[in-house]
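Notes follow once the structure below has been shown.
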Number of protein chains: 2
Amino acid sequence: MDERVPRDFETLRATILDRRESLPKRIAQIAAYALDNPDDIAFGTAASIAASAGVQPSTLIRFAQQLGFDGFTSLQQVFRERLRERNSSYDERLQALRAKADSGAGHRAIFDGFVAAASTSLNDISRTLDEAHLEDAISLLAKAETIYVLAKRRSYPVASYIAYALGKLKIRNQLIESAAGLNAEMVGFATPADAVIAISFSPYAPATIEEARSISEQGVPIVAITDSSFSPLAQFAKVWFEVAEADFAGFRSLSATMALAMALTVGVGEKRRDSGKRRRG
Amino acid sequence: MDERVPRDFETLRATILDRRESLPKRIAQIAAYALDNPDDIAFGTAASIAASAGVQPSTLIRFAQQLGFDGFTSLQQVFRERLRERNSSYDERLQALRAKADSGAGHRAIFDGFVAAASTSLNDISRTLDEAHLEDAISLLAKAETIYVLAKRRSYPVASYIAYALGKLKIRNQLIESAAGLNAEMVGFATPADAVIAISFSPYAPATIEEARSISEQGVPIVAITDSSFSPLAQFAKVWFEVAEADFAGFRSLSATMALAMALTVGVGEKRRDSGKRRRG
DNA sequence: TATGTATTGGAATTATTATTTCATATTGAC
DNA sequence: GTCAATATGAAATAATAATTCCAATACATA
């Protein structure tokens with residue numbers, strides 16, 4: 001028999017979702033209950049679970065068998081394993097990660113190091129983010145006709161994600177790429193009715209700074225994401241955010257910057273939807 | 001009787017620690033085991049736990065009774081409740097944040113949501129990453145003459161960061177961009193001596209899949225980062241990673257993918273340096 | 001509508017597991 | 001060293017829980 005039994009929760013979940021349509025009524029009922037209340041499956045007895053889900057214990061067993069398990073008990077193992085793996089608290093794990101990464105034990109340690117750096121950065125930013133700045137930045141950007149997105153090198157991935165997200169939200173935007181010498185002209189099109197998101201970290205890419213200066217001289221408001229108050233970007237910006245990313249193996253995390261970037265993007269999307277409603281309503 | 005039975009894990013833990021000195025030998029043994037392996041207590045049977053701890057089942061029951069429980073079963077409830085709460089905290093927090101953001105509770109909630117999604121994703125991946133796959137992927141990539149990086153749309157920011165990092169590490173690489181119809185030719189240059197990092201998540205960009213297929217038919221080994229075993233990328237890949245990113249407000253986090261991408265990149269850098277040393281030394 | 005097939009409910013059966021019991025061992029006080 | 005009190009081991013027993021079975025029902029097909 002090539003019947004492949006799901007051994008981890010995610011596979012199991014996918015399998016259930018996949019077959020959902022073809023399941024008999026009562027089996028589907030217990031399937032839905034299982035995905036909605038995985039903890040109950042992990043700890044309950046066949047009888048108690050069946051009762052909560054409104055079916056007979058035998059149905060529960062048939063459900064398990066239909067998925068390839070030989071009974072309820074082995075299905076339950078998967079749900080228990082899931083809980084087991086989520087066990088240790090976040091801080092404990094982070095601490096363990098740091099220790100392991102420091103001890104330099106193979107490639108897993110490298111990975112752990114990046115995870116730890118990302119987590120640290122996220123922690124930091126959620127502590128230090130200035131809410132008023134966030135509101136200001138979003139208001140400013142929401143009013144813009146076109147949002148220009150300006151970033152090079154290390155910050156470029158963030159810019160490209162912003163551009164992608166703005167596009168999906170149907171917000172007009174222009175990514176200022178460094179393909180040719182066309183940037184200067186592109187920047188020249190911006191007017192005070194537009195706005196810029198500029199991202200740059202030390203060592204600041206000279207092109208980014210130059211373009212930011214030039215665009216701000218045209219009276220275009222800038223929202224900057226950068227790493228210190230000494231950053232040249234901070235001087236040109238109407239609103240700026242200080243984001244401290246932890247680094248590992250010479251590369252800084254992008255996770256905090258990404259989170260902020262997405263909050264700005266989605267925030268602008270929401271603000272536009274709201275004010276659109278208000279204007280129309 | 002004013003015998004106060006600990007109802008939550010922390011109280012229980014404190015109680016045990018408090019009485020540690022005065023407990024009989026075997027009871028102390030099971031007490032230590034319980035605090036060291038709380039998960040085993042939560043999921044095991046009296047017999048299996050007793051065996052692991054090196055005592056008789058009856059001792060386990062006596063231990064429970066000494067703490068004021070009326071048997072092993074009620075002691076076990078406390079250990080199960082602990083897991084239940086731990087587990088729900090993250091998912092529930094994310095869920096709560098989503099609800100809060102939906103209800104239009106300010107932009108800070110959106111930001112918090114993205115931070116939580118990123119944290120959750122990092123949490124997940126550091127739990128589920130397969131170390132052997134990581135080693136395989138790094139070995140494979142370290143041997144490549146040129147590393148091609150293939151990703152579109154949502155995954156593109158990751159690809160661009162990989163390309164940036166590879167460049168800084170002086171590792172020859174080629175980002176397959178979608179600027180023009182040149183991709184097909186670019187892909188055509190790859191040989192079995194090269195390698196590909198391909199990244200794609202559901203809904204898989206057709207271009208990515210097509211290019212991955214064609215490049216794998218040329219015998220170029222592929223390392224894929226994708227989101228499920230059903231992904232078409234998984235079929236073409238020599239090594240593939242399953243990364244589950246949490247989403248918020250319709251946008252998935254990239255943090256886990258980024259961490260993995262950086263680990264691959266830096267891992268390849270280290271491996272090359274090492275084997276370079278060996279060759280020269 | 002008739003007929004075979006798949007699904008379901010509920011009780012009987014089997015299994016697993018917790019608990020109790022009792023014989024034995026250990027410990028500490030005198 | 002002896003005695004009493006306490007602790008422990010091992011197996012018997014009780015309890016709980018999973019599974020199976022069969023009759024009843026719903027469902028689809030001709």
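Side chains included, hydrogens not; waters and symmetry mates left out as well; all remaining heavy atoms used.
- At a cut-off of 3.5 angstrom, the base of dG10(C) holds at least one donor-acceptor pair with the side chain of S58(A).
- Remark: C1' of dT17(C) and CZ of F43(B) are 17 Å apart, rounded to the nearest angstrom.
- Nucleic acid contact for I27(A): sugar-phosphate only, since backbone atoms but no base atoms lie under 4.0 Å from a heavy atom of the residue.
- Closest to the P57(B) side chain, of the nucleotides dT19(C), dG9(D), dA18(D), is dT19(C).
- Here dT20(C) presents its P atom at 17 Å from CZ of F63(B), a figure rounded to the nearest Å.
- One can place CD of Q66(B) at 9 Å from P of dT8(D), the figure rounded to the nearest angstrom.
- A salt bridge does not link D130(B) to R108(A): none of the charged side-chain nitrogens sits closer than 4.0 Å to a carboxylate oxygen.
- Contact between the side-chain N/O atoms of Q56(B) and the OP1/OP2 oxygens of dA10(D) is found at a separation under 4.0 Å.
- Between R62(A) atom CZ and dT19(D) atom P there is a gap of 13 Å when expressed in whole angstrom units.
- The shortest distance between side-chain heavy atoms of F69(B) and V78(B) falls below 4.5 Å.
- Inter-residue side-chain proximity for V243(B) and D124(B) is flagged as unmet; no heavy-atom pair is nearer than 4.5 Å.
- The distance from atom NZ of K25(B) to atom C1' of dG9(D) is 13 Å, rounded to the nearest whole Å.
- To the nearest 0.5 Å, atoms CZ (F72(A)) and CZ (R62(A)) are separated by 15.0 Å.
- What separates CG of L23(B) from P of dT27(C) is a distance of 16 Å, to the nearest Å.
- Q76(B) has its CD atom 13 Å from the C1' atom of dT16(D), to the nearest Å.
- Within the 4.0 Å cut-off from OP1 or OP2 of dT19(C), not a single side-chain nitrogen or oxygen of Q65(B) is found.
- Between V223(B) and K238(B), the closest side-chain pair of non-hydrogen atoms is not below 4.5 Å.
- Taking atom CD1 of residue I61(A) and atom P of nucleotide dT8(C), one finds them 15 Å apart after rounding to whole Å.
- Side-chain atoms of F72(A) lie closest to dA18(D) of the nucleotides dC21(D), dA18(D), dT19(C).
- In this structure, of dT8(C), dT19(D), dT19(C), it is dT8(C) that holds the atom nearest to the side chain of R26(A).
- Closest contact between the side chain of T45(B) and the listed nucleotides dT17(C), dT8(D), dG9(C) involves dT17(C).
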